[in-house]
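Labels below follow one simple rule: chain letters A, B, ... track the order of the sequence lines, proteins then strands, and each chain is numbered from 1.
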Number of protein chains: 2
Amino acid sequence: MYSYSHPHPAVTTDIVIFTILEERLQVLLIRRAAEPFRNSWALPGGFVNIDEDLETGALRELQEETGIRDIYLEQLYTFGRPDRDPRERVITVAYYALVPIDQLQSIEAASDAAALAWHPVDRLPALAFDHGLIIDLARQRLAAKLDYSTIALQFLPRSFSLGELQNVYEVIAGETIDKRNFRKRILGAGFLVDTGKLRRGNRHRPARLYRAKSPGTLSYIR
Amino acid sequence: MYSYSHPHPAVTTDIVIFTILEERLQVLLIRRAAEPFRNSWALPGGFVNIDEDLETGALRELQEETGIRDIYLEQLYTFGRPDRDPRERVITVAYYALVPIDQLQSIEAASDAAALAWHPVDRLPALAFDHGLIIDLARQRLAAKLDYSTIALQFLPRSFSLGELQNVYEVIAGETIDKRNFRKRILGAGFLVDTGKLRRGNRHRPARLYRAKSPGTLSYIR
DNA sequence: CCAAAAGTGTTCACCGTACACCCATGA
DNA sequence: TCATGGGTGTACGGTGAACACTTTTGG
């Protein structure tokens with residue numbers, strides 16, 4: 001069954017990095033400096049080291065190319081069409097990651113690439129390889145997970161208002177939600193706790209701040 | 001980013017092949033003839049050819065090792081811990097497949113391996129590599145998909161009774177279901193059509209036979 | 001005082017769940 | 001005639017959806 005005689009393909013990880021910026025779901029892309037697809041936009045990613053776990057490799061690429069650390073990361077799907085890279089056989093294990101909106105500044109600071117930019121997922125430029133497919137699948141997965149998990153919390157700082165959380169839902173689902181129903185559903189689910197604090201300083205009524213009951217952990221609903 | 005200098009890992013596909021047999025969810029395993037894990041049971045699978053799509057490779061392994069063709073196949077997850085194979089770095093793209101109960105006989109006939117056997121998922125023998133983890137994840141995915149898709153139909157012949165379908169649900173979920181509620185829910189979902197035929201020849205009242213409205217296609221509910 | 005977001009309840013339709021008996025057949 | 005699975009309806013509680021006004025603040 002197993003032998004050493006087979007030619008081995010290259011294996012990479014690519015990461016679809018989402019955030020919410022300017023009321024839109026956006027993806028972090030890197031402009032390619034080399035052929036093929038020179039000057040096209042592409043997902044951050046790269047080769048998996050020979051002694052490195054797949055997820056570790058994805059985290060390393062994330063850190064090296066964008067400076068991002070300690071964020072939610074999940075394996076998405078593995079893409080392996082033989083013709084997806086014109087140079088050699090490259091199989092890519094795609095991941096997706098979510099960046100909290102309060103950590104956006106730190107990205108440009110830490111990354112050596114000035115070629116990084118956020119792009120709204122509904123207005124993507126021409127993309128290298130099959131990265132368009134990958135982003136599309138990631139978007140579907142993210143939208144599906146909104147309904148039955150606490151994944152939306154990964155976009156927000158430790159404490160946040162219900163209005164901010166509702167905004168995350170609306171932007172990803174692409175539709176507005178009734179405020180009263182949303183609050184009933186979210187508070188009824190029981191994974192938020194009231195911090196007792198208020199967000200003041202806006203020119204309107206202050207919002208109660210909540211935090212996740214188990215921060216960092218993904219919970220499932222129903 | 002991409003270069004030819006990196007050492008490339010081996011890439012395999014492994015397939016968790018499910019069926020329902022003797023009122024139990026079972027997995028098809030192959031007894032290993034070679035080291036490592038000689039004489040342990042393992043998932044069918046093998047190397048991806050260098051010019052072959054991942055799914056094509058999985059289908060080919062399925063055919064070669066078990067004789068099975070034309071069944072439901074879906075990518076599950078990619079496992080890549082550096083130590084998962086003691087010989088060299090092997091990344092495996094795991095798939096799962098569902099064999100209809102009316103195709104079980106054809107398997108032993110077509111496979112050259114007398115070392116193939118069905119094992120109930122809740123009574124598995126010692127398994128090679130991380131194949132225990134893979135089966136466990138596949139089982140979770142299958143159980144989850146029961147609730148929101150028509151995947152259960154993949155275990156049944158073209159036409160089947162509601163009792164047979166209910167049995168599939170019960171065996172996979174591991175719990176009994178109220179018959180009237182089940183029938184209301186399934187028929188209400190609208191993806192079955194009455195064939196008008198009856199299954200006779202048992203020593204009890206004949207059952208109406210149904211078939212999928214779109215056979216082969218997976219539909220989603222809600 | 002005004003603009004802007006926060007906060008709050010009720011009604012109704014629908015759906016999942018609990019629950020028990022008769023039917024048709026072959027042996 | 002009897003054992004076996006097939007087939008059927010109703011009542012109830014919970015949940016998701018629709019819907020509008022008052023509150024609090026900063027400028």
Side-chain angles (χ1 to χ4, degrees), chain A residues 20 22-23 101 143-144 146-150 152 156-157 159-211 220-222, chain B residues 20 22-23 101 143-144 146-150 152 156-157 159-171 173-211 219-222:
Chain A
I20 289 176
E22 293 165 357
E23 304 279 294
I101 55 178
L146 273 196
D147 290 335
Y148 63 89
S149 80
T150 59
L156 295 174
S159 75
F160 50 86
S161 71
L162 290 183
E164 291 163 346
L165 182 58
Q166 179 170 349
N167 191 255
V168 172
Y169 274 82
E170 290 180 332
V171 164
I172 297 172
E175 54 192 12
T176 59
I177 305 172
D178 179 84
K179 201 202 304 186
R180 284 165 293 185
N181 292 338
F182 179 77
R183 297 162 99 88
K184 212 187 319 169
R185 180 160 60 91
I186 294 293
L187 293 178
F191 52 80
L192 294 190
V193 286
D194 191 334
T195 62
K197 297 184 180 169
L198 298 176
R199 166 144 16 245
R200 310 193 78 90
N202 301 316
R203 51 181 291 183
H204 54 72
R205 179 171 176 175
R208 290 177 121 83
L209 295 180
Y210 294 82
R211 62 175 175 79
Y220 294 88
I221 303 168
R222 265 199 302 176
Chain B
I20 289 177
E22 293 163 357
E23 304 279 295
I101 55 177
L146 273 195
D147 289 335
Y148 64 89
S149 80
T150 58
L156 296 174
S159 75
F160 50 86
S161 70
L162 290 184
E164 290 164 346
L165 182 57
Q166 180 171 347
N167 190 254
V168 172
Y169 275 82
E170 290 181 333
V171 164
E175 54 192 13
T176 59
I177 305 173
D178 179 85
K179 202 202 303 186
R180 284 164 293 187
N181 293 337
F182 179 77
R183 297 163 99 86
K184 210 189 320 170
R185 180 160 60 89
I186 294 294
L187 293 178
F191 51 80
L192 294 189
V193 287
D194 191 335
T195 62
K197 297 183 180 171
L198 298 176
R199 170 156 359 257
R200 310 193 78 91
N202 302 316
R203 52 181 288 182
H204 53 73
R205 179 173 175 175
R208 289 176 121 84
L209 295 180
Y210 294 82
R211 62 174 176 78
S219 304
Y220 293 89
I221 302 168
R222 262 197 305 174

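Listed candidates were C:dA3, D:dT4, C:dT8. Nearest to the side chain of A:R203 is C:dA3. Proximity note for A:H204 (side chain, C-beta onward) versus C:dA4, C:dG7, D:dG7: the nearest is C:dA4.
Distance, B:I186 CD1 to D:dG6 C1': 16 Å, rounded to whole Å. Atoms OH (A:Y148) and P (D:dT15) sit 21 Å apart, rounded to a whole Å. If you measure from atom CG of A:N167 to atom P of C:dA4, you get 17 Å, rounded to the nearest angstrom. Distance CD (A:E164) to C1' (C:dA6): 12 Å, rounded to an integer number of Å. When the C1' atom of D:dT15 is taken as reference, atom CG of A:L187 falls 16 Å away, rounded to whole Å. Going from atom CZ of A:R208 over to atom C1' of D:dT23 covers 13 Å, rounded to whole Å. For the pair A:F160 CZ and C:dA6 P, the computed distance is 14 Å after rounding to whole Å. Here C:dT8 presents its C1' atom at 15 Å from CG of A:D194, a figure rounded to the nearest Å.
Between A:R200 and D:dT25 there is a side-chain polar atom (N or O) within less than 4.0 angstrom of OP1 or OP2. For C:dG7, the OP1/OP2 oxygens have a side-chain nitrogen or oxygen of A:R183 closer than 4.0 Å.
The residue among B:R180 and B:L198 whose nearest nucleotide of DNA chain C is located toward the 5' end is B:R180. Nearer to the 5' terminus of DNA chain D, by closest-nucleotide assignment, is the contact made by B:A207 (compared with the other of A:N202 and B:A207).
A donor-acceptor contact under 3.5 Å links the side chain of A:K179 to the base of C:dG7. The base of D:dA18 sits within donor-acceptor range of the side chain of A:N181, with an N or O pair under 3.5 Å. A donor-acceptor contact under 3.5 angstrom links the side-chain atoms of A:R205 to the base of D:dT23. Counting distance only, with no hydrogens placed and no angle test, the side-chain atoms of B:K184 and the base atoms of D:dT8 include no donor-acceptor pair under 3.5 Å.
Using bins of under 30°, 30° to 60° and over 60° for the plane-to-plane angle, the ring pair A:F182/A:Y169 lands in the perpendicular bin.
For B:S219 (side chain) and B:T150 (main-chain N/O), no donor-acceptor pair under 3.5 Å exists by modelled atom type.
Counting all heavy atoms, side chain and backbone alike, B:D178 lies closest to B:Q166 at C-NE2, 4.2 Å. Residues A:L165 and A:L192 share a closest heavy-atom pair of CD2-CD1, 4.1 Å. Residue B:R183 comes nearest to B:G163 through the heavy atom pair NH1-N, 4.5 Å, listed as atom of the first residue, atom of the second, then distance.
Among the heavy atoms of the strands, none lies under 4.0 Å from A:R185.
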